[in-house]
Amino acid sequence: MNKFYITTPIYYVNDKPHIGHAYTTIAADVLARFHRLKGEEVFFLTGTDEHGAKVAASAEQAGKLPQDFCDENSAKFQLIWDRLNISNDHFIRTTSDQHKAGVEKFLTKLKEVGAVYEGDYSGLYCTGCEKFITEKELVNGLCPDHKKEPEVLKEKNYFFKLSDYLPKIAELINNGELKILPENKKNEVLGLIKQGMDDFSISRESVKWGIKIPFSENQVTYVWVEALQNYITGIGYGSDDKTFNKFWPANIHLMAKDIIKFHALYWPAMLLAAGLPLPEVVFAHGFFTIDGEKMSKSLGNVIDPDVLVDEFGSDAVRYLLLSQFPFGADGDVKAGNFVIQYNSDLANGIGNLTSRVLSMVEKYLDSIVPVKDFEFSDEVAGIWHQYEDAMKRFQIDDVIEIIRKLNSFADGYVERQKPWQLAKEDKDQLNKVLYNLLESVRHLALMVYPVMPEVSEKIFGYLNQADWKNKSFKELVDWGGLESGQKVEKPQPLFPRLEK
RNA sequence: CGCGGGGUAGAGCAGUAGCAGCUCGCCAGGCCCAUAACCUGGAGGUCGUGGGUGCGAAUCCCACCCCCGCAACCA
């Protein structure tokens with residue numbers, strides 16, 4: 001049996017879940033569900049990143065212990081993922097014992113192979129904040145919080161010999177063993193290597209809220225370094241070798257484009273050093289703008305996924321987010337378009353087709369599935385071929401396009417065949433037409449499943465196929481899954497129209 | 001010369017050389033099974049600007065204009 005291991009980034013607990021987190025996570029869920037459908041053994045990992053000076057500061061500001069603060073905020077992510085029907089197999093938290101054990105093992109390994117050395121880290125240090133701050137954070141050269149000029153401070157740090165591994169990584173990217181997708185991101189990453197990159201510090205002396213460096217008394221692991229390791233600790237590195245060996249390397253690390261450097265360079269470099277295989281694919285999707293503007297807290301245009309789910313329901317939110325623009329590219333989201341698209345694609349499309357087909361079967365055939373007919377068999381097999389190909393290329397927007405095509409193909413067929421006339425004139429033809437339509441609805445439900453699992457289950461319910469998950473993918477995709485003589489139900493509207 | 005993305009119908013986008021497409025909206029018909037849903041047809045584009053290469057360019061090359069993102073922690 002094939003395995004499929006997919007990850008999202010772990011999200012920083014300092015943030016509230018927003019539409020961007022949801023986008024990445026839903027996309028990963030779609031892929032995970034598709035691979036499960038195919039009968040593969042899937043491990044889908046997401047989680048939260050909980051260490052670092054910022055978290056400690058936020059906790060203090062909130063008057064809470066860092067761990068309590070993390071517990072609360074991590075729970076917010078878990079809650080919204082539940083609401084969105086995210087089917088992750090595990091939720092990794094970087095403050096868990098599982099993670100800490102793996103990090104210690106990994107760092108020790110890096111030290112053993114000589115990939116780590118001691119050096120001086122120098123940066124701007126604000127004595128008010130008691131931490132390093134970046135130049136970007138300064139306002140007129142002063143710390144924005146304490147209105148003080150930061151001093152240049154050096155501390156002893158451990159560094160990772162990134163430069164030792166870059167040539168090898170460039171080679172692996174070029175020969176396709178490490179795939180960076182989409183293609184333009186690959187060039188970007190190769191460009192970074194060409195420019196040359198400095199070794200990076202993997203520890204902090206000034207930070208307290210973190211995982212202790214196993215070979216140092218007073219240093220903690222730099223958050224980014226430790227966060228990346230969630231991809232191995234989350235499946236048991238350092239705690240459960242069996243699961244780890246089964247699922248590593250990852251088939252795909254999915255993320256937004258801002259953190260591609262860490263995933264395409266730093267992380268593979270550390271893995272190489274530790275002697276572990278590299279992930280197959282690093283896929284970076286694009287950013288949203290909201291009504292043409294950058295999404296930002298200060299503009300107040302950040303969309304809360306909770307609010308969207310309240311308005312549209314979980315399935316529709318999943319569909320609407322993923323159908324906005326090609327997966328991988330940047331794109332604009334017009335908030336006002338959601339209602340329009342909900343009505344046209346979901347209410348008038350999938351919802352209405354299901355409703356009209358099942359209503360006709362009820363009205364003309366007493367809800368009994370007629371004799372099998374294979375008119376659409378080849379057509380639909382071809383559509384499945386495109387569907388699987390799109391999934392393989394991670395083009396979820398294409399998947400949605402294909403679903404729409406099957407939908408409108410079936411709608412057009414209804415118009416051409418006019419079952420309401422056949423009911424009076426030609427019962428044989430009516431049976432054929434309705435069988436083809438019923439099967440089309442079944443196939444539609446199956447294609448829709450990774451994107452909209454709830455609605456898919458509902459349609460299978462109306463078709464009295466509650467046991468569909470026990471069947472193999474091949475059986476499900478074969479034409480003729482509905483047995484003649486069985487009953488089907490008349491549906492309730494799957495997507496009630498929204499007025500606007 | 002910091003890196004990168006983009007400028008195609010009213011809106012949002014697809015389209016890396018061979019009759020310029022999709023969705024929404026708009027207009028006109030049709031249908032009556034269905035969630036006032038569905039189907040058909042139509043109007044609407046000098047594909048940012050100027051050059052170049054080609055039998056042929058939205059698509060390749062050069063220059064320019066404009067928008068946007070990123071540059072150690074907001075997907």
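Chain letters run A, B, ... following the sequence lines, proteins first, then strands; residues in each count from 1.
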Quick one: which of B/C31, B/U35, B/A34 gets closest to the side chain of A/Arg497? B/U35
Shortest side-chain distance from A/Tyr222, nucleotide among B/A34, B/A72, B/C24: B/A72
Run A/Arg404 and A/Asp345 through salt bridge (charged side-chain N to carboxylate O under 4.0 Å, His left out) and show every step you take. CA-CA 8 Å; A/Arg404 282 216 302 244; A/Asp345 284 6; 2.9 Å; yes
Nearest of B/C73, B/C24, B/U35 to any side-chain atom of A/Trp224? B/C73
Report the base-pairing partner of B/C13 (Watson-Crick or G-U wobble, both distances below 3.5 angstrom), or none. B/G21
Please tell me which of the listed nucleotides, B/G4, B/C22, B/C32, lies nearest to the side chain of A/Glu401? B/C22
A/Asn352, nearest nucleotide to its side chain (from B/C73, B/A34, B/A72): B/A34
Partner nucleotide of B/C27 by Watson-Crick or wobble geometry (both distances under 3.5 Å): B/G41
What nucleotide among B/C3, B/C74, B/C39 has an atom nearest to a side-chain atom of A/Glu415? B/C39
Scanning all shown strands, the Watson-Crick or wobble mate of B/C74 with both distances under 3.5 Å is none
Tell me which residues in residues 402-411 of chain A lie within less than 4.0 Å of RNA chain B, going by non-hydrogen atoms. A/Asp411
Can you tell me the pairing partner of B/U46 across any strand shown, Watson-Crick or G-U wobble, with both distances under 3.5 angstrom? none
B/G69 - base-pair partner by Watson-Crick or wobble geometry, distances under 3.5 Å: B/C3
Taking a pair to mean Watson-Crick or G-U wobble geometry with both distances below 3.5 Å, B/G56 pairs with none
NZ (A/Lys257) with more than 12 external heavy atoms under 6.0 Å: yes
Closest to the side chain of A/Arg356, out of B/U35, B/C38, B/C31, is B/C38
Answer for the Watson-Crick or wobble partner of B/C33, both distances under 3.5 Å, is none
